[in-house]
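Let me begin by handing over the structure; questions about it come next.
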Amino acid sequence: MHLIRSFLFAILLTLITVPYAIFATLIFWLPPMTRHRLITSWVPVMMWVIRHVLGIRYRVIGAENMPAGPAVVLSKHQSAWETIALQQIFPPLCFVLKRELLRVPFFGWGLASIPGIAIDRNAGKDALAQVVEQGRERLKEGLWVVVFPEGTRVAPGTVKRYKPGGAILAKRAGVPVVPVAHNAGEFWRRNAFVKRPGEIIVSIGPVIDVKGVKAAQINARAEAWVESEMQRLFPHHYAGEASAVHDQDGGTGAPEA
């Protein structure tokens with residue numbers, strides 16, 4: 001049954017996304033925020049499909065922690081689910097993403113048509129400069145910015161090094177950080193065709209104020225909250241300390257497809 005549901009979802013994803021992508025290329029002349037609003041109407045459609053075809057529902061705790069104005073969201077990254085769902089949970093937002101994603105047929109075309117932060121992850125310090133420069137512009141436009149500080153999707157129960165790009169952006173833009181924990185990887189695993197039904201819990205943490213705090217401390221506080229919340233909510237993934245495997249590579253925290 002899971003295979004049948006997943007196969008049907010793949011068909012619907014294609015049938016829905018292709019027309020949206022073509023539509024996105026045809027409205028290039030509209031103002032950026034208008035394009036954003038029109039193109040992201042794809043999100044509730046796909047969330048309905050995810051709920052009713054895959055049987056994946058979600059529950060949000062800590063919604064009262066969201067600040068009134070734009071912020072930088074530092075979120076756990078386990079699957080493609082959160083790249084869709086966070087757009088429904090939070091106010092209008094954009095993602096820090098790797099530039100290669102914009103070349104993906106149809107899906108990438110849609111991404112390229114809405115305000116975002118596309119970076120070259122091989123550019124080293126220049127990639128960080130791209131995050132800060134483009135991120136500050138997006139925040140001024142009223143968009144929230146989502147950064148996956150681990151830089152790639154991680155399996156449930158594991159953690160990679162939290163990269164500082166998101167914290168540096170928040171510090172230099174003078175906006176708060178909102179940490180987010182969730183267990184999407186339990187039901188929608190990385191590169192897995194078959195998805196399993198169940199309830200994803202999304203926990204939104206207390207705002208981290210950037211005033212008078214260094215970016216490294218902001219990043220450390222976000223990591224501490226997210227990882228402790230992951231262990232509190234999903235202890236079955238943390239049988240022992242050995243499950244936390246840290247990756248020591250550099251980067252800015254752009255998500256992987």
Side-chain angles (χ1 to χ4, degrees), residues 6 50 54 56 58-62 72-87 89-90 93 95-101 104 107 117 119 121-122 127-128 131 145-170 177-196 198-205 208 216 218-257:
S6 298
I50 291 169
L54 294 177
I56 297 177
Y58 73 92
R59 175 165 56 93
V60 177
I61 58 178
V72 173
V73 176
L74 296 186
S75 173
K76 198 72 178 173
H77 193 21
Q78 294 187 344
S79 74
W81 179 87
E82 58 268 21
T83 66
I84 304 171
L86 292 181
Q87 298 183 67
I89 295 170
F90 286 94
L93 55 77
F95 292 90
V96 174
L97 50 87
K98 56 184 182 180
R99 190 173 295 165
E100 304 94 276
L101 290 178
V104 176
F107 178 74
I117 304 171
I119 65 169
R121 293 205 302 180
N122 296 320
L128 176 57
V131 170
V145 175
V146 176
V147 180
F148 299 118
E150 291 166 285
T152 187
R153 290 166 293 180
V154 297
T158 63
V159 55
K160 287 179 177 274
R161 187 177 69 86
Y162 276 50
K163 300 163 189 175
I168 293 174
L169 168 60
V177 164
V178 178
V180 173
H182 63 82
N183 62 326
E186 285 192 40
F187 312 102
W188 186 320
R189 289 185 176 272
R190 175 180 179 177
N191 298 328
F193 179 79
V194 177
K195 285 81 172 173
R196 298 190 303 107
E199 182 180 67
I200 294 171
I201 299 175
V202 179
S203 181
I204 301 173
I208 300 173
I218 297 168
N219 197 48
R221 290 180 184 180
E223 178 178 7
W225 186 88
V226 171
E227 295 307 322
S228 64
E229 184 73 349
M230 292 294 294
Q231 295 193 38
R232 184 183 75 85
L233 292 174
F234 319 114
H236 51 290
H237 290 307
Y238 298 88
E241 292 297 324
S243 65
V245 180
H246 287 262
D247 178 25
Q248 297 300 321
D249 64 337
T252 59
E256 183 179 12

**Asked** If you measure from the Lys or Arg side-chain nitrogens to the Asp or Glu carboxylate oxygens, is any gap between E150 and K76 under 4.0 Å?
**Response** yes
**Item:** Point-to-point distance, once rounded to the nearest 0.5 Å, from CH2 of W188 to CD1 of I84
**Value:** 4.5 Å
**Request:** Working to the nearest 0.5 Å, report the span between CG of N183 and CD of Q78.
**Result:** 7.0 Å
**Request:** Could you check if a side-chain atom of L233 sits within less than 4.5 angstrom of a side-chain atom of I61, using non-hydrogen atoms only?
**Result:** yes
**Message:** For a quick test of reading the model, state the closest non-hydrogen atom pair linking G205 to V178 and the distance between them.
**Reply:** O-CG1, 4.2 Å
**Request:** Evaluate the side-chain proximity of Y238 to E227: yes if any heavy-atom separation is below 4.5 Å, no if none is.
**Result:** yes
**F90 side chain reached by V180 side chain, heavy atoms, under 4.5 Å** = yes
**Sub-4.5 Å side-chain heavy-atom contact between T83 and F148** = yes
**H182 vs Y58, side chain to side chain contact (heavy atoms under 4.5 Å, CB included): CA-CA, chis, key distance, verdict** = CA-CA 10 Å; H182 63 82; Y58 73 92; over 6 Å; no
**Request:** Output the distance between atom CZ (F95) and atom OG (S75), rounded to the nearest 0.5 Å.
**Result:** 8.5 Å
**Asked** Should I50 and K195 count as side-chain neighbours, where that means a heavy-atom distance under 4.5 Å?
**Response** no
**Message:** Measuring from atom NZ of K98 to atom OG1 of T152, what distance do you get when rounded to the nearest 0.5 angstrom?
**Reply:** 7.0 Å
**Message:** Checking S79 now: which residues fulfil side-chain hydrogen bond (donor to acceptor under 3.5 Å, both in side chains) with it, not counting sequence neighbours?
**Reply:** E82
**Asked** Does R232 have any salt bridge (charged side-chain N to carboxylate O under 4.0 Å, His left out) partners at least two apart in sequence or in another chain, and if so, which?
**Response** E229
**Message:** Ignoring hydrogens, what is the shortest heavy-atom contact between V226 and A181? Give both atom names and the distance.
**Reply:** O-CB, 4.0 Å
**Asked** Does a side-chain heavy-atom distance below 4.5 Å link P156 with R189?
**Response** yes
**Asked** Taking all non-hydrogen atoms of both residues, which atom of F187 and which atom of E199 are closest, and how far apart?
**Response** CE1-O, 3.3 Å
**Request:** Locate the shortest heavy-atom distance separating W81 from A184; write the atom from each residue and the value.
**Result:** CE3-CB, 3.7 Å
**Prompt:** Do S203 and F234 have side-chain heavy atoms sitting under 4.5 Å apart?
**Reply:** no
**Fill in**
Value for CG (L86) from CG (L93), rounded to nearest 0.5 Å, stands at 7.0 Å
**Item:** Residue that, paired with V145, satisfies side chain to side chain contact (heavy atoms under 4.5 Å, CB included) out of I117, V73, L74
**Value:** I117
**Message:** Could you report the tightest heavy-atom contact between V194 and S6, atom names first, then the distance?
**Reply:** CA-OG, 3.3 Å
